[in-house]
Amino acid sequence: MSTKHQGKTAVISGAASGIGQASAVRLAEEGAQIVIADRANADDTLGRIKAAGGSATAVQCDISDPASVAKLKAEVEKGGGHCDILVNNAGIYPMQSFDEISFEDWRRVLSVNLDSMFLMAKAFAGGMRQRGWGRIINLASDTVNLLVPDFVHYITSKAGVIGFTRSLATEVGPQGVTVNAIAPGLTRTPGTLARKEAGGMSNEALFDMILNMQSIKRSEQATDLVGAVSFLASEDAGFITGQTLYVNGGLTRTT
């Protein structure tokens, strides 16, 4: 095992599967103590981390609910613990035409994808500032720069993530805390693969269309994101903040 993140505690939302799971396993392999915050059962991730020689716990948490996040914070800080690395990964991505989106649909997507990042940062950024060190990594999306239909609520939420990242970086930077975003492309995860149709085309047709527009001609996997997560969580990224890193095989070439 690497000692790159030895002695650090990483709180990762939505780490029961997909990108969050891959990130949790990678940071655990590099020495971090992992706290998984997810509504879903995280036994699979815990098993993978244990098999890799790492250490992790799981806390059932609805990251869009203030009371649930407060309980998560109390659990993390029990016995003098704290969060050094916060990975705001959890999100939802329903595809609906604008005409189909109800206000309840709109609020649900904004709540899970954006409000949750505010709540999680409020819970843990203060402690980071007091200790003079911290890393906050927010998962955005490359769809903010693409003409993707049926995603108004999702794209709005992810554009908000980028704005939140830049603004928060300005406020917490003087105390040694960095805040950055990672914008993946369409990634093969259990969630994306579960959809039978997207935007009026089959799921595989959508993956093929995206692949053909990329510089790197293969579909993105969750493991393609973990190097960026590990780097932004490290000492090497200590002078990088307020940035959005596009990890999408060259699909987005300019911003």
Side-chain angles (χ1 to χ4, degrees), residues 4-15 19-20 23-24 26-27 30-37 59 61 63-66 68-78 80-91 110-141 144 157-184 225-247 255:
K4 185 175 183 179
H5 300 296
Q6 194 71 43
K8 299 291 194 274
T9 297
V11 177
I12 307 176
S13 68
I19 295 170
S23 299
R26 174 62 173 268
L27 294 183
E30 296 175 335
Q33 167 70 37
I34 306 299
V35 179
I36 300 164
V59 179
C61 179
I63 43 96
S64 68
D65 177 61
S68 189
V69 173
K71 290 180 181 178
L72 168 68
K73 181 177 188 290
E75 187 66 25
V76 171
E77 296 180 349
K78 184 170 61 178
H82 59 263
C83 172
D84 301 292
I85 301 163
L86 173 61
V87 182
N88 283 317
N89 163 77
L110 269 290
S111 179
V112 174
N113 291 1
L114 184 56
D115 294 351
S116 64
M117 298 201 181
F118 169 82
L119 293 173
M120 295 286 277
K122 286 286 283 187
F124 297 112
M128 293 178 181
R129 295 171 88 173
Q130 290 174 3
R131 292 184 299 275
W133 197 97
R135 301 286 185 266
I136 299 175
I137 302 166
N138 300 322
L139 268 290
S141 170
V144 299
S157 71
K158 291 303 184 178
V161 170
I162 293 173
F164 175 69
T165 298
R166 292 172 178 171
S167 298
L168 185 60
T170 301
E171 296 209 20
V172 301
Q175 291 81 41
V177 180
T178 67
V179 188
N180 292 289
I182 295 173
L225 280 301
V226 300
V229 172
S230 176
F231 169 66
L232 291 175
S234 73
E235 292 286 359
D236 289 337
F239 205 62
I240 300 172
T241 196
Q243 305 303 306
T244 299
L245 176 61
Y246 287 83
V247 183
T255 58

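Scope of the values below: all heavy atoms of this structure, side chains included, with no hydrogens, waters or symmetry mates.
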**OP:** List in chain and number order the residues that pass side chain to side chain contact (heavy atoms under 4.5 Å, CB included) with D84, two or more places apart in sequence or in another chain; answer none if no residue qualifies.
**Re:** K8, T9, H82, R131, W133
Original post:
Picking from V229, N180, L245, what satisfies side chain to side chain contact (heavy atoms under 4.5 Å, CB included) with I137?
Top reply: V229
Below 3.5 Å, can you tabulate the donor-acceptor pairs from side chains in residues 166-174 to any protein atom, sequence neighbours excluded?
from : atom 1 : to   : atom 2 : distance (Å)
S167 : OG     : G163 : O      : 3.1
T170 : OG1    : R166 : O      : 3.2

**OP:** Name all residues meeting the side chain to side chain donor-acceptor pair (under 3.5 Å) criterion together with S230; count only those two or more places apart in sequence or in a different chain, and write none if there are none.
**Re:** K4, H5, E30
**OP:** Identify, with sequence neighbours excluded, every residue that meets side chain to side chain contact (heavy atoms under 4.5 Å, CB included) alongside V59.
**Re:** V35, L72, E75
Original post:
How many angstroms lie between atom CG of L114 and atom CG of N88, to the nearest 0.5 angstrom?
Top reply: 10.0 Å
Original post:
Roughly how far, to the nearest 0.5 Å, is CE of M128 from SG of C83?
Top reply: 4.0 Å
Subject >> Nearest heavy atoms of P184 and I19, plus distance in Å >> reply: CG-CD1, 4.3 Å
Original post:
Considering residues at least two apart in sequence or located in another chain, which fulfil the side chain to side chain donor-acceptor pair (under 3.5 Å) criterion with Q175?
Top reply: R129
**OP:** Applying side chain to side chain contact (heavy atoms under 4.5 Å, CB included), name anything that partners A15, two or more places apart in sequence or on another chain.
**Re:** I12, A24, I36
Original post:
Are F124 and V177 side-chain neighbours, meaning at least one heavy-atom pair lies under 4.5 Å?
Top reply: no
Original post:
Measuring from S141:OG to I182:CD1, what's the distance to the nearest 0.5 Å?
Top reply: 12.5 Å
Subject >> K158: salt bridge (Lys or Arg N to Asp or Glu O under 4.0 Å) partners, not counting sequence neighbours >> reply: none
**OP:** Mind checking side chain to side chain donor-acceptor pair (under 3.5 Å) for R135 and listing every partner two or more places apart, or none if nothing turns up?
**Re:** none
**OP:** Kindly give the heavy-atom pair with the smallest separation between P66 and L119, and that separation in Å.
**Re:** N-CD1, 3.9 Å
Subject >> Atom pair CG/CZ of D115 and F164 - distance to nearest 0.5 Å >> reply: 10.0 Å
Original post:
Going through the distances and angles, do V69 and K122 end up as a side-chain contact (heavy atoms from CB on, under 4.5 Å)?
Top reply: CA-CA 10 Å; V69 173; K122 286 286 283 187; over 6 Å; no
Original post:
Can you name the side chain to side chain donor-acceptor pair (under 3.5 Å) partners of Q130, sequence neighbours left out?
Top reply: none
**OP:** Find the distance between CG (L139) and OG (S23) and round it off to the nearest 0.5 Å.
**Re:** 7.0 Å
Original post:
Out of curiosity, I240 CD1 to L232 CG, how far, rounded to the nearest 0.5 Å?
Top reply: 6.5 Å
Original post:
What residues form a side chain to side chain contact (heavy atoms under 4.5 Å, CB included) with T165, not counting sequence neighbours?
Top reply: N138, V161, V179, A181
Subject >> pair N89-S13: side-chain heavy atoms closer than 4.5 Å >> reply: yes
